[in-house]
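Numbering of ligands and ligand atoms starts at 1, following listing order. Quick caveat, the model's predicted, so the values are computed rather than measured.
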Amino acid sequence: MIKGLDNILPNEALSQEEQEILKTFRRDWKFVAGANNASQLPTFITSPEIAFIGKSNVGKSSLINLLTGRKALARKSHTPGRTRQINFFTVNEELTLVDLPGYGYAKISKVEQNKWEHLILSYLSESQNLKVICLLIDARRGIKEHDLSVMSILKKFQRPFFLTFTKIDKVTNVEIQQLVEQSNILLKPFENLFIDFLFTSARRKDDTQRLRISLGTYLRQL
Ligand SMILES: Nc1nc2c(ncn2[C@@H]2O[C@H](COP(=O)(O)OP(=O)(O)OP(=O)(O)O)[C@@H](O)[C@H]2O)c(=O)[nH]1
Ligand SMILES: [Mg+2]
């Protein structure tokens with residue numbers, strides 16, 4: 001897609017279902033809950049949830065801001081490890097996006113790290129609403145050991161996921177091609193749960209509508 005065409009995909013090019021999905025994303029998003037520990041995980045949310053998981057600083061909060069069309073709904077941080085709690089953002093009781101705290105930030109204490117793991121594991125094992133996960137990978141780095149451990153956790157709880165490359169404005173098309181080839185090999189043990197690749201850039205925003213449609217369409221076919 002040509003740069004800058006984000007919000008002008010012609011309506012007639014879209015199916016009615018796709019238009020409805022985009023309409024949902026355009027409604028008024030609200031921060032509805034934050035959980036610092038497992039006992040604070042909300043029980044009142046009824047809509048399907050998409051959770052965003054990935055290394056600290058990979059761009060989880062930025063992607064949520066992009067999808068919701070809000071500059072600072074999920075706060076962006078220049079300081080890695082800033083999103084310490086699980087944050088829930090809901091639109092019209094139709095859809096919820098879940099911002100999970102980032103992993104692999106070296107400066108975090110062991111106690112904090114354990115607390116994080118316990119919280120994430122509780123959420124991944126217990127959530128009834130959680131329908132799909134976006135596992136975010138920095139396109140400049142590719143899949144690392146820690147990401148593979150997370151995939152194993154997703155496998156343990158049988159949670160399907162999109163492998164979502166972020167910051168694609170920082171890489172060339174050839175590099176993306178290589179990234180996909182390498183990733184396909186690493187994803188072999190997870191092929192039952194791996195849905196598809198997504199490519200995102202909070203800077204370029206070109207494909208935001210396509211991204212919304214991919215996620216929305218997946219939820220609708222469940
Ligand atoms: N170039 C570029 N920078 C990005 C992109 N997405 C995020 N960033 C930058 O990466 C940094 C981290 O982004 P966040 O969205 O806060 O990352 P996060 O995964 O939520 O980080 P934690 O909450 O600390 O785990 C910020 O400085 C963003 O501006 C992108 O697509 N392209
Ligand atoms: Mg964040």
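- The number of heavy-atom neighbours closer than 6.0 Å to CD of Q16, taken from other residues, nucleotides and ligands shown, is 12 or below.
- Any N or O atom pair closer than 3.5 Å counts here, and T166 shares no such pair with ligand 1.
- In terms of polar-atom proximity, defined here as any N/O pair under 3.5 Å, D99 makes no such contact with ligand 1.
- For the atom pair CG (N36) and CG (L41), the distance works out to 10.5 Å, reported to the nearest 0.5 Å.
- For ligand 1, the atoms closer than 4.0 angstrom to any heavy atom of K60 are 15 (O), 17 (O), 18 (P), 19 (O), 20 (O), 21 (O), 22 (P), 25 (O).
- The environment of E117 atom CD is dense: over 12 non-hydrogen atoms of other residues, nucleotides or ligands sit within 6.0 angstrom.
- In terms of heavy-atom proximity, C134 sits nearest to I50 at SG-CG2, 4.2 Å.
- Within a 6.0 Å sphere centred on NE2 of H146, other residues, nucleotides and ligands contribute more than 12 heavy atoms.
- Residue D169 approaches ligand 1 through these ligand atoms, each under 4.0 Å from one of its heavy atoms: 1 (N), 2 (C), 30 (C), 31 (O), 32 (N).
- L100 pairs in a side-chain contact (heavy atoms from CB on, under 4.5 Å) with only one of the listed residues (L119, N87, L136, I120), which is I120.
- Below 4.0 Å from some heavy atom of G102 lie the following atoms of ligand 1, by number and element: 25 (O).
- By the 4.0 Å N-to-carboxylate-O rule, R210 lies too far from D207 to be salt-bridged with it.
- Listed by atom number, the atoms of ligand 1 under 4.0 Å from A202 heavy atoms are 5 (C), 6 (N), 30 (C), 31 (O).
- Residue S62 has at least one nitrogen or oxygen atom sitting less than 3.5 Å from a nitrogen or oxygen atom of ligand 1, judged on distance alone.
- When only interatomic distances are considered, the shortest N/O to N/O separation between I168 and ligand 1 does not fall below 3.5 Å.
- Here is the list of ligand 1 atoms found below 4.0 Å of a heavy atom in S201: 31 (O).
- Heavy atoms of G54 come nearer than 4.0 angstrom to ligand 1 in no pair at all.
- Residue S61: an N/O/S atom is found under 2.8 Å from the Mg ion (ligand 2).
- For the residue pair T200 and T166, no side-chain donor N or O sits within less than 3.5 Å of a side-chain acceptor on the partner.
- Backbone and side-chain nitrogen or oxygen atoms of P101 are examined, and none is located within less than 3.5 angstrom of a nitrogen or oxygen of ligand 1.
- Remark: E20 does not engage K23 in a salt bridge, criterion side-chain N to carboxylate O under 4.0 Å.
- Summarising the contacts of atom 4 (C) of ligand 1 with K170, K167, R204, R140, the nearest heavy atom is found in K167.
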